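The sequence lines fix the lettering, A, B, ..., with proteins before strands; numbering per chain opens at 1. Model, not experiment: these values are computed from the prediction.
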Protein chains: 2
Amino acid sequence: MTCTLSDIARQTGFSVSTVSRVLHDNSNRYKIREETKEVIRSVATALGYTPNKIARGLRLNRTHQMGIIVADLANPFFATMVKSISKEARKSGYSIVVCDSDENTHLEEESIKTLMENRVDGLLIAAVGVEREHLERFRSDDVPFVFLDRLYDDISDDAVSVDNRKGARDATEHLIQNGHRRIAILQGLPGTYANTGRVTGFRQAMADAGIEVRDQYVVGDDFGTLNGFLGTKHLLRMEDPPTAIFAAGYLIALGALDALREEHLVVPRDVALVTFDDPGFAPHLSPPLTAVEQPIEQMGEMGVKLLLRRLRDPSSAPRRILLEPRLIVRESVAPLVVPA
Amino acid sequence: MTCTLSDIARQTGFSVSTVSRVLHDNSNRYKIREETKEVIRSVATALGYTPNKIARGLRLNRTHQMGIIVADLANPFFATMVKSISKEARKSGYSIVVCDSDENTHLEEESIKTLMENRVDGLLIAAVGVEREHLERFRSDDVPFVFLDRLYDDISDDAVSVDNRKGARDATEHLIQNGHRRIAILQGLPGTYANTGRVTGFRQAMADAGIEVRDQYVVGDDFGTLNGFLGTKHLLRMEDPPTAIFAAGYLIALGALDALREEHLVVPRDVALVTFDDPGFAPHLSPPLTAVEQPIEQMGEMGVKLLLRRLRDPSSAPRRILLEPRLIVRESVAPLVVPA
DNA sequence: AGTGGAAATGCAAACGATTGCATTCAATAT
DNA sequence: ATATTGAATGCAATCGTTTGCATTTCCACT
């Protein structure tokens, strides 16, 4: 039996308007006698009044909900991101409606449609990232989008991501500084924002050090574990195998680790390994994995802030923010020992 | 410029009622001429009509949103659960509003309040699980609760969890069958539903095998990594250290692994290790970890189903479902070799 | 021709809030 | 005494739907 403003009005003898003003309007535009405020407030708590955001949303055209779409909630990366979004959104009185697109463009489109029907005030989206036509179709000035993690180069919305190039460069330089020259990269899905950045950073670091990157040292085509496993096996079978490997994602690194163990190679003694992305369990692997940590929480937080800013000031210029990742050195890279 | 039913009505010359019936009512209670249906539908798509669920929610007193509260979204366990909830909910046209209580009773209460204000149709909650008074306070027949994973023994709502006792028994029996007698348990937070069940299962298995469990073999007080680390260190310092360890959660197991490595003990040669909970990376640890896998997806799915059933039929008897976990044998347990 | 009934559609109230524009009343100023 | 003012409150429209109850039209049947 939820109670409404008019229930309180009836009980107190005041009008619905007055009750509404006492309970919800904190701008001091209306003068209400202290005494009546008290009466109304006490009756409200007595009846257990819970404001109806649905009704308010209809009237004000603001639901105080934001929509979130991520490509895979079961991925700790996105889960952590959603957690930080939730925390930041709550601070401003927003709730989040979460959708999982399951790395599927069609479900992504469905999700957008649903969120639009729910009249969310804005949308944070970590897009699947291959196609984008369906995104354009829903762009409207009414409901702002903020892109997270997975960007499109020429998109004109607010966006937050991580400097993939920088992270990859740092990781690669770390290998180079440890004396490695024959360095391979296990890449993710070609054409995606993340992969392109990471491969580019890798190449830059190699070029800066004056090392040629051999074509056969660039292997893989997917961010999954199996790809890391197969890619590593492939590398190890070469007549001139690499002494160090840079994995473009943590699942890839797990696959690499499996392959190396299966070949009875010890990390870092026989092969050095660095990975992009630093999942929580990385310190507990053996050896603890050297990894590029992404500022995930910060990304979620910034995303919410950008969205809130746009809701306040819809005409402000869109911003694109690149956060800095950080190389965390643990024990999976050792100086190269040159065979005597 | 979102378009409404009345925009379509104006364009087509029909009344709002008729437009509404064509676009949303698929019960054949009203007869509408085929021809007018077509006209209305085509104008609707031409104008890009998006139904306003807020308005509809107000009228029908149904938002088609369900609220989810989990204790920690960054925990892969809950992330996976939310993912499966999202999938199952979408099938029935429901969206999910997600809150993270951060293992904090006060935030949990706040979350419930927010979700109530949002007028979600029902609530799925993986509770923090120590206190419960705040939960009772919000119990109402209007908004049904379904408890997930973390239950209270005497609660009268629908609930789904996992058979912790059975899982712990299976794990312990596996150790016993491998010849172990001196078996320790690293427990989680005492007093929580999960911990109690797991400890009980452990004790049952030991009792059934006629092995006495020594008090000093039951250590720990928290589900975190540090607790696993410290607990293991403690066990290893004993004059009569255990030959096998059962960890009540995966973070505990990670800590145990760290401690064992630090002591230069090799799993499973020197110490056997089983854990409750089977995170995705368990197969990639060295050694691959033998673990009790929980049917997480199924739990989310069942939770949604229970909630939907109750929404359809509010007076049906509450059900409490216990799902079966499954021991996955990998390589962290070996037969005990008795020193000659 | 009159009646009954079905088919097709419209009217208007309701859901619970917000808010511009009255209205009432008392106090102060002229 | 009257006009002016401001404080305190109420009226009623509005947001976009849904739906019970008309209403209109038309056809079939006696």
Side-chain angles (χ1 to χ4, degrees), chain A residues 1-41 43-44 47-65 93 116-121 142, chain B residues 1-41 43-44 47-65 93 116-121 142:
Chain A
M1 294 306 91
T2 55
C3 119
T4 73
L5 286 189
S6 87
D7 292 329
I8 301 178
R10 202 172 319 112
Q11 280 264 333
T12 59
F14 289 102
S15 72
V16 175
S17 333
T18 304
V19 177
S20 167
R21 296 198 259 251
V22 170
L23 262 28
H24 298 306
D25 193 310
N26 25 16
S27 74
N28 278 343
R29 293 201 309 129
Y30 302 94
K31 330 262 179 178
I32 313 244
R33 203 190 310 167
E34 266 316 312
E35 197 186 339
T36 82
K37 279 190 190 173
E38 279 166 26
V39 175
I40 290 178
R41 288 215 187 92
V43 172
L47 296 186
Y49 173 69
T50 308
N52 187 327
K53 287 210 179 177
I54 292 300
R56 171 189 281 221
L58 180 58
R59 178 64 229 260
L60 297 183
N61 211 17
R62 273 280 155 109
T63 53
H64 284 266
Q65 294 191 333
M116 291 301 205
E117 292 181 356
N118 277 290
R119 292 296 191 271
V120 294
D121 291 343
D142 274 0
Chain B
M1 297 304 89
T2 54
C3 118
T4 74
L5 287 188
S6 88
D7 292 329
I8 301 178
R10 201 172 321 112
Q11 279 264 332
T12 58
F14 290 103
S15 74
V16 175
S17 333
T18 305
V19 176
S20 168
R21 295 197 259 251
V22 170
L23 262 26
H24 298 306
D25 192 310
N26 25 17
S27 74
N28 277 343
R29 292 200 311 130
Y30 300 94
K31 331 261 178 177
I32 311 249
R33 204 190 308 169
E34 265 318 310
E35 196 185 338
T36 83
K37 281 190 188 173
E38 281 165 26
V39 175
I40 289 177
R41 289 216 186 91
V43 171
L47 295 187
Y49 173 69
T50 308
N52 187 328
K53 288 209 178 175
I54 292 300
R56 171 188 281 219
L58 180 59
R59 178 65 230 258
L60 297 183
N61 210 18
R62 274 281 153 111
T63 54
H64 284 265
Q65 295 190 332
M116 291 302 207
E117 292 183 357
N118 278 288
R119 293 296 192 271
V120 294
D121 291 343
D142 275 1

(message) Please compare B:Thr50 and A:Arg21 by the position of their nearest nucleotide in DNA chain D and report the one closer to 5'.
(response)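 Result of the comparison: A:Arg21.
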
Atom-pair distance ([atom1] on [X]; [atom2] on [N]), nearest Å:
X: B:Ile8; N: D:dT17; atom1: CD1; atom2: C1'; result: 12 Å
X: A:Leu58; N: D:dC15; atom1: CG; atom2: C1'; result: 4 Å
X: B:Lys37; N: C:dT9; atom1: NZ; atom2: C1'; result: 13 Å
X: A:Leu5; N: D:dA12; atom1: CG; atom2: P; result: 18 Å
X: A:Leu23; N: C:dT19; atom1: CG; atom2: P; result: 14 Å
X: A:Glu117; N: D:dT17; atom1: CD; atom2: C1'; result: 13 Å
X: B:Leu60; N: D:dG20; atom1: CG; atom2: P; result: 11 Å
X: B:Arg62; N: D:dT19; atom1: CZ; atom2: P; result: 13 Å

(message) Testing the 3.5 Å rule here: is there a donor-acceptor pair between the side chains of A:Gln65 and A:Asn118?
(response)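 Side chains of A:Gln65 and A:Asn118: no pair found under 3.5 Å.
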
(request) Give a yes-or-no answer on whether the side chains of B:Arg56 and B:His24 include a donor-acceptor pair shorter than 3.5 Å. (result)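 Note: B:Arg56 and B:His24 side chains meet the donor-acceptor criterion.
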
(message) Nearest 0.5 angstrom please: A:Arg119 CZ to A:Ile54 CD1, how far?
(response)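 That separation rounds to 12.0 Å.
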
(request) Report yes if a donor N or O on one partner sits less than 3.5 Å from an acceptor N or O on the other, where the partners are the side chain of B:Arg119 and the base of C:dG16; otherwise report no. (result)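 Looking at the base of C:dG16, it does not pair with any donor or acceptor on the side chain of B:Arg119 (distance under 3.5 Å).
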
(message) Does any part of the side chain of A:Ile8, heavy atoms only, come nearer than 4.5 Å to the side chain of A:Leu23, both counted from C-beta?
(response)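 A side-chain contact exists here, since the closest heavy-atom pair is under 4.5 Å.
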
(request) Would you check if A:Glu38 and A:Glu35 make a side-chain contact, meaning some heavy-atom pair closer than 4.5 Å? (result)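 Not in contact.
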
(request) Look at A:Tyr49 and C:dA17 and indicate whether a side-chain polar atom (N or O) is within less than 4.0 Å of OP1 or OP2. (result)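 So the side-chain polar atoms of A:Tyr49 do come within 4.0 Å of the phosphate oxygens OP1 or OP2 of C:dA17, strictly under.
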
(request) Might you work through the side chain to side chain contact (heavy atoms under 4.5 Å, CB included) test for B:Thr18 and B:Ile32, ending with a clear yes or no? (result) CA-CA 8 Å; B:Thr18 305; B:Ile32 311 249; 4.0 Å; yes

(message) List the residues meeting side chain to side chain donor-acceptor pair (under 3.5 Å) with A:Arg21, not counting sequence neighbours, and say none if there are none.
(response)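 Not a single residue meets the side chain to side chain donor-acceptor pair (under 3.5 Å) criterion with A:Arg21.
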
Looking at the side chain of [X], which of [options] is the nearest nucleotide?
X: A:Lys31; options: D:dT9, C:dG16, D:dA7; answer: D:dA7
X: B:Arg56; options: C:dG20, C:dG16, D:dT17; answer: D:dT17
X: A:Arg33; options: D:dA8, D:dG16, C:dA17; answer: D:dA8
X: B:Asn52; options: D:dT19, D:dT17, C:dA17; answer: D:dT17
X: A:Thr36; options: D:dA8, D:dT17, D:dT9; answer: D:dT9

(message) Using heavy-atom distances to pick each residue's nearest nucleotide on DNA chain C, tell me which of A:Asp25 and B:Ile32 is more 5'.
(response)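 Of the two residues, B:Ile32 wins.
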
(message) Does anything in residues 9-20 of chain B come within less than 4.0 Å of DNA chain D? Heavy atoms only, and list the residues if so.
(response)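 Close to the strand are B:Val16, B:Ser17, B:Ser20.
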
